[in-house]
Asker: 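Here it is, the structure in full.
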Amino acid sequence: MPNNQHRLFRGGGAFSLRWCRRLSRRDWIISAAAVATLGVLYLSISPISVSRAFTKPNKNSTPASDWVPFTPLSKSTENSAVCLDGSVPGYHRERGFGSGSDSWLLHVEGGGWCSTLSSCLARMSTKLGSSNYMERQVQFSGILSHDPLQNPDFFNWNKVKIRYCDGASFSGNPESEFKNGTKLFFRGQVIWNTLMDELLSSGMAKAKQALLTGCSAGGLATLVHCDDFRELLSKDADVKCLADAGFFPNEKDISGNSTIESFYRDVVHLQGLAKSLNHDCVAGSEPHKCFFPQEFLRSLKTPIFLVQPAYDFWQATNILVPAAADPHGRWFRCKLNIFNCDPSQIDVLHGHRNSLLKMLSEYQQIPEVGMFVNSCFVHCQTWMTDTWHSPTSPRINNRTIAESVGDWYFKRDSVKRIDCPFPCNPTCYHMDFTHS
Ligand SMILES: *[C@@H]1O[C@H](CO)[C@@H](O)[C@H](O)[C@H]1NC(C)=O
Ligand SMILES: *[C@@H]1O[C@H](CO)[C@@H](O)[C@H](O)[C@H]1NC(C)=O
Ligand SMILES: *[C@@H]1O[C@H](CO)[C@@H](O)[C@H](O)[C@H]1NC(C)=O
């Protein structure tokens with residue numbers, strides 16, 4: 001594959017050819033398709049398919065891949081816990097072994113949100129709204145891998161990948177459904193409750209250690225449900241939460257419009273999220289504000305860890321520079337590849353990073369909070385081996401994301417790892433959508 005076709009840069013350039021060789025053209029066509037739809041399904045597509053590009057086995061270190069079958073939720077019908085289209089939600093589970101038998105790791109899939117009747121209806125014919133379109137098996141890699149080389153601390157835990165098909169981070173409530181014959185279900189919270197019951201009765205009730213994780217909209221679901229999850233488990237259990245790219249800041253776009261705030265207002269209103277959001281927060285502000293982690297993180301009692309790229313490409317495209325805020329397309333090339341950005345655009349991106357760091361500064365002194373905020377143009381980084389833990393994965397202070405999360409979870413070190421500003425870190429993987 002010629003060099004000009006690669007879609008993802010290493011910061012320093014030295015690794016780009018190597019990275020390029022590891023990816024097949026087909027993988028990148030899949031990722032390109034995902035990104036091409038980004039503009040059309042505004043705010044609704046996460047880089048789920050992009051991340052497939054990362055799962056190609058590394059010949060040097062990867063054993064046979066783990067393909068894990070889909071398990072439909074058994075009490076779905078009884079509890080009316082259904083996807084947007086009424087289909088049965090589900091998950092993929094791999095059993096723990098050895099010393100990991102009583103430890104549980106849950107990973108919540110992402111995929112944006114739907115904020116209108118029509119965008120939710122559109123999801124019904126995709127896997128983000130219907131299990132009829134979900135893969136019957138998925139590959140477990142990164143934080144879900146059973147290989148100690150790829151996943152040093154959690155490889156032998158019970159692992160569950162939770163599929164996302166409600167469009168509101170598992171927080172929708174049926175009271176908000178249209179009562180006029182529109183066949184659209186808002187059951188996110190019901191799915192969550194039913195799923196937790198099922199996992200508790202299949203062994204999770206005995207968990208001695210647990211980690212609730214998720215990426216993007218799943219990272220937000222992780223934060224929203226973190227304290228409730230903790231309450232489900234024994235008082236003696238060590239329970240923590242890890243949000244990957246789940247910190248969506250309430251920031252204005254470059255035209256001064258509150259794009260993400262309006263969008264969240266619509267999601268929260270449409271699917272009746274108020275009931276599921278942090279009660280202390282909802283008591284004191286408009287409910288949609290409580291969908292922003294900056295408004296409720298401080299009241300969480302459970303230890304949390306944030307893996308957050310400071311130059312999150314999803315945030316750049318949907319929060320900072322949505323298409324409406326850039327009518328002349330001056331940001332078009334920059335949003336495809338951060339190396340295309342001109343100095344004034346880089347300044348804007350640095351500003352976005354600075355406000356993120358400012359929001360996170362109040363957690364610097366809290367020992368239970370962990371952070372890995374790297375300066376990469378990427379989105380989710382925990383469930384791909386290449387970004388989670390490999391000889392070439394992103395590092396801060398020479399620690400990978402997997403090592404940092406392990407250091408925090410097992411209290412080996414206090415972990416507040418904040419990267420220097422772009423483009424200083426040569427270990428970054430940066431997305432490149434230029435040839436999509
Ligand atoms: C149901 O109500 C919604 C919201 O008012 C409306 O947009 C939709 O068209 C209605 N559906 C039917 C089948 O009348
Ligand atoms: C700002 O938001 C308003 C209301 O949502 C919208 O009508 C307008 O087009 C937006 N302007 C820009 C530049 O995004
Ligand atoms: C970084 O860590 C690796 C092991 O993970 C070690 O081999 C290497 O020497 C370290 N590099 C530096 C500069 O400390």
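Atoms considered below: every heavy atom in the structure, side chains included; atoms not considered: hydrogens, waters and symmetry mates. Note that ligands are numbered from 1 as they come in the structure, with each ligand's atoms numbered from 1 the same way. None of the values given here were measured: they were computed from a predicted structure.
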Asker: Between F422 and H430, is the ring centroid distance below 6.0 Å?
Answerer: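 When the ring centroids of F422 and H430 are compared, they turn out to be within the sub-6.0 Å range.
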Asker: Within the structure provided, determine whether F292 and I260 are in side-chain contact (heavy-atom separation under 4.5 Å).
Answerer: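 In contact.
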Asker: Can you find a side-chain donor-acceptor pair between S255 and D253 that sits under 3.5 Å?
Answerer: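 The criterion, which ignores hydrogens and geometry beyond distance, is satisfied for D253 and S255.
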Asker: Is the distance between the ring centroids of F229 and W104 less than 6.0 Å?
Answerer: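 No; W104 has its ring centre 6.0 Å or more from that of F229.
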Asker: List the closest protein heavy-atom neighbour of atom 8 (C) of ligand 1: residue, atom name, distance to the nearest 0.1 Å.
Answerer: L117 CD2, 3.7 Å
Asker: So which heavy atom in the protein is nearest atom 5 (O) of ligand 3, and how far is it from that ligand atom?
Answerer: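 Here the closest protein heavy atom is R395 NH1, 3.6 Å.
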Asker: From atom 2 (O) of ligand 3, is the closest protein heavy-atom distance below 4.0 Å?
Answerer: yes
Asker: Of all the non-hydrogen atoms in the protein, which one sits nearest to atom 10 (C) of ligand 1, and at what distance?
Answerer: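 Nearest neighbour among protein heavy atoms for atom 10 (C) of ligand 1, to 0.1 Å: N180 ND2, 2.6 Å.
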Asker: More than 12 foreign heavy atoms under 6.0 Å from CD of E175: is that the case here?
Answerer: yes
Asker: Tell me the protein heavy atom at minimum distance from atom 11 (N) of ligand 1, and give that distance in Å.
Answerer: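 Heavy-atom neighbour on the protein nearest atom 11 (N) of ligand 1: T182 OG1, 2.9 Å.
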Asker: Looking at every non-hydrogen atom in both residues, tell me the closest pair between E177 and L184 and how far apart they are.
Answerer: CG-O, 3.7 Å
Asker: Looking only at protein heavy atoms, which one is nearest to atom 4 (C) of ligand 1, and how far off is it?
Answerer: F178 CE2, 3.4 Å
Asker: Which of the numbered atoms in ligand 3 are under 4.0 angstrom from any heavy atom belonging to N398?
Answerer: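 Every atom of ligand 3 under 4.0 Å from some heavy atom of N398: 1 (C), 2 (O), 3 (C), 8 (C), 10 (C), 11 (N), 12 (C), 14 (O).
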